[in-house]
Amino acid sequence: MSQIDDDRLVTDAEVEEGATDFSALPVPAELVADSLPAYARAWFARLRAGETGKLPVLVGLLIIAVIFQTLNSKFLTAGNLVNLLVQGAVYMLLAMAEVYVLLLGEIDLSAGFVAGIGGVVCAELVKTDTGWPWWAAVAAALGVCAVIGLFQGTIITRFGLPSFVVTLAGLLGFQGVMLRIIGTGGTLPIQDKVINDLANANLTATASWIVMAGIVAAFCAVTWLRDARRRKSGLVAPPASFTFVKIAAAIGAGVIVVLICNRDRGVLAPIRGVPWVILIVLGVLTAWTLVLGRTKLGRYIYAIGGNAEAARRAGVSLPGIRTIAFMLASFTAGIAGIIYASRLRSVSTNLDGGTLVLYAVAAAVIGGTSLFGGRGKPIDAVLGGIVIAAIDNGMGLQGFSAASKFIVTAIVLIAAVTIDSLARRGTTTRR
Amino acid sequence: MTTAGSTTDRADDRSRVEERPASAAPLLELRGITKRFGAVQALTDVDLVVPAGQVTALVGDNGAGKSVLIKCIAGIHHPDGGQIYWEGRPVHLRTPRDAAALGIETVYQDLALCDNLDIVQNMFLGREKTRYTLLDEENMELSARETLSSLSVTTVRSIRQPVASLSGGQRQAVAIARAVLWNSKLVIMDEPTAALGVAQTRMVLDLVRRLAQRGLGVIIISHNMNDVFEVADRIAILHLGHLVATGPISEFDRETVVDYMAFGRSERRKRNSEPTVAEQ
């Protein structure tokens, strides 16, 4: 072997065995740290390597809050914050719908009007002359939406058509169907109390504390038990101190939300308590996080988004999983549509599903979901939805026109994807 | 290079195959495998024995039929003629799942890993363990760790890091570990060292040797003669769809192998017995 080869061997061996090589790679911080300071160091190393995680969207929210608060001192009042979350719920839910298809590297442009169909079906069925109970109407509406998703997903996968075109047809077609159902009146009012309460009613102050305590306790118990069990069996696990930090953060967040929501925010009569719709969003977030993170279906959705050919060779049924993802996306869009209808106490021909769906995609991407598939979580959609709602709400407070809102939202969207792309440039991650 | 001294006491492979006592049946045996694609005769009457516990190198020029042959073994292609025997029993491999059920795993050249998933998730992709319909991450992580350490794959920092952050050699190691995770008996590797540096090639070749020591049969396709002579126990040379020579690696040297690959015959083979397959 020549001298040159010998040199090369040594270099490669050092690279292979030396830990220094990996410090710059985006290894999740909790994997390599055994104490809290080590965790923080690993986290910063990861940040430098371009794995920014949730940081940009959280910093962005902070900046937005500071700007709007300086412009208008009403922005950070309890009443406005709760209002903002309720307004944002539709974006959050629709964005969670988009996450399912974005993870595959696909897109669903029809989600906005599928949501509209969900709202219309629900409104039609609870009308006094139809007289269905609210739960049956909700189930039927969600069922119709799921079938729509199944139908679109089947066309996309069986005929190998681009989802962009098929769901673009869906955007046009389901808008037509929605207008046809609403008919000449232009508005379909909802009288059912429960449906209207979904987006408009609040828990009582006491119930808010009890429910939030229950949710936080469940989260803490699951987190603690899982991490403790992993540490005990010697598996990859975060240090106990980090588990404490997570639990403390969850308790803090729960207390702050309830404190804000329990402040009287009424103008004429006192209004207080956590809105139902926050619990609905939390419920959908939990369910979809579980499906995507802890089931075979979720694992296969990520695998297809990462490398469809690898998933196929591993025995994953690509058409089946893709179709189910489109179905779950439309199902989630149906939930968003019912919440939308509930908040307005009606469905009207003014429902702009085109703008809604583009806002939803923007929300998912701002939150950190990749348009190329394989990366993203439901929590991204919720955080991105809050950003979109905050811009909408803050500019509305200032009396800006719809035109300015669109422009600012566009700038934030471009900023979000640019920051993500710049941060990742030069790292080993390929997307 | 190697010497032919040890070959005299070895029985001729073909005669041993003909007798084939049930106990000594080879892990995999191909007899008269023929495959056509339209007018193209991809494989003609290929006879090959793949014993357990040995590394069989499959070499040949481009278009010689190496890939078609391993795809026949992996259940992707169906031979037009001939018979495949698995541990002495005739088998029909209709799908890759049939092959996997027998214990045949293939490591493809492009590795087929998902960059966005971590090592454990990749190793169990398509065959996840579940408990109450939820993924049993702990069980999978323990099995993955056990397999990796049994193969002495210790250079990865954490088995929970995404595959995107691994070096080429580590990715190859993960792909190989995935293949042996399922108590497989035969691992087929397509150019496992093609894109690797010196040290990483070293690591992968060590890994290949370890598989054979564990009693697995290994078929390795390679263009690199250094690798072949370093790692293989046996060699099988394809030329234009014919298996032109096969036998223990000690009967060959580089020049002979290159002759066979290029011309389908060699005047220089060390053993004096007649060539394994008709060259006429």
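Chain letters run A, B, ... following the sequence lines, proteins first and then strands; every chain starts at 1. Note that the structure is predicted; figures quoted are calculated from it, not measured. Values below: all heavy atoms of this structure, side chains included; hydrogens, waters and symmetry mates excluded.
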Decide if atom NZ of A:K377 counts as having more than 12 heavy atoms of other residues, nucleotides or ligands within a radius under 6.0 Å.
no
Does A:E309 CD have over 12 foreign heavy atoms under 6.0 Å away?
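Yes - once you tally the heavy atoms of other residues, nucleotides and ligands closer than 6.0 Å, there are more than 12.
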Return the option, out of A:V316, A:L290, A:T295, A:L235, with the maximum number of heavy-atom pairs under 4.5 Å with chain B.
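That would be A:L235.
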Ranked by heavy-atom pairs below 4.5 Å to chain B, first place among A:A308, A:G315, A:A303 goes to A:A303
Need one label for B:R145: side chain, backbone, both or neither, based on atoms under 4.5 Å from any heavy atom in chain A.
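The answer is the side chain of B:R145.
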Side chain from CB out, backbone as N, CA, C, O: work out which of these in B:L134 comes under 4.5 Å of a heavy atom of chain A, or both, or neither.
both
Approximate separation, where rounding is to 0.5 Å, of B:R210 CZ and B:S150 OG
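Result: 9.0 Å between the selected atoms.
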Less than 4.5 Å apart, side chain to side chain, heavy atoms only: is that true for A:S163 and A:D108?
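No - every pair of side-chain heavy atoms lies 4.5 Å or more apart.
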Are the side chains of B:W86 and B:K185 in touch, meaning some heavy atoms are under 4.5 Å apart?
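Counting from C-beta outward, B:W86 and B:K185 do come under 4.5 Å.
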A:Y300, part contacting chain B, at a heavy-atom distance under 4.5 Å
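Just the side chain, heavy atoms under 4.5 Å.
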Segment of A:R312 engaging chain B (4.5 angstrom heavy-atom cut-off)
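Neither; nothing under 4.5 Å.
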Options B:T133, B:L135, B:V120, B:T130, ranked by heavy-atom pairs under 4.5 Å with chain A, top entry
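Heavy-atom pair counts peak at B:L135.
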Salt-bridged, B:E105 to A:R313, with N to O below 4.0 Å?
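No.
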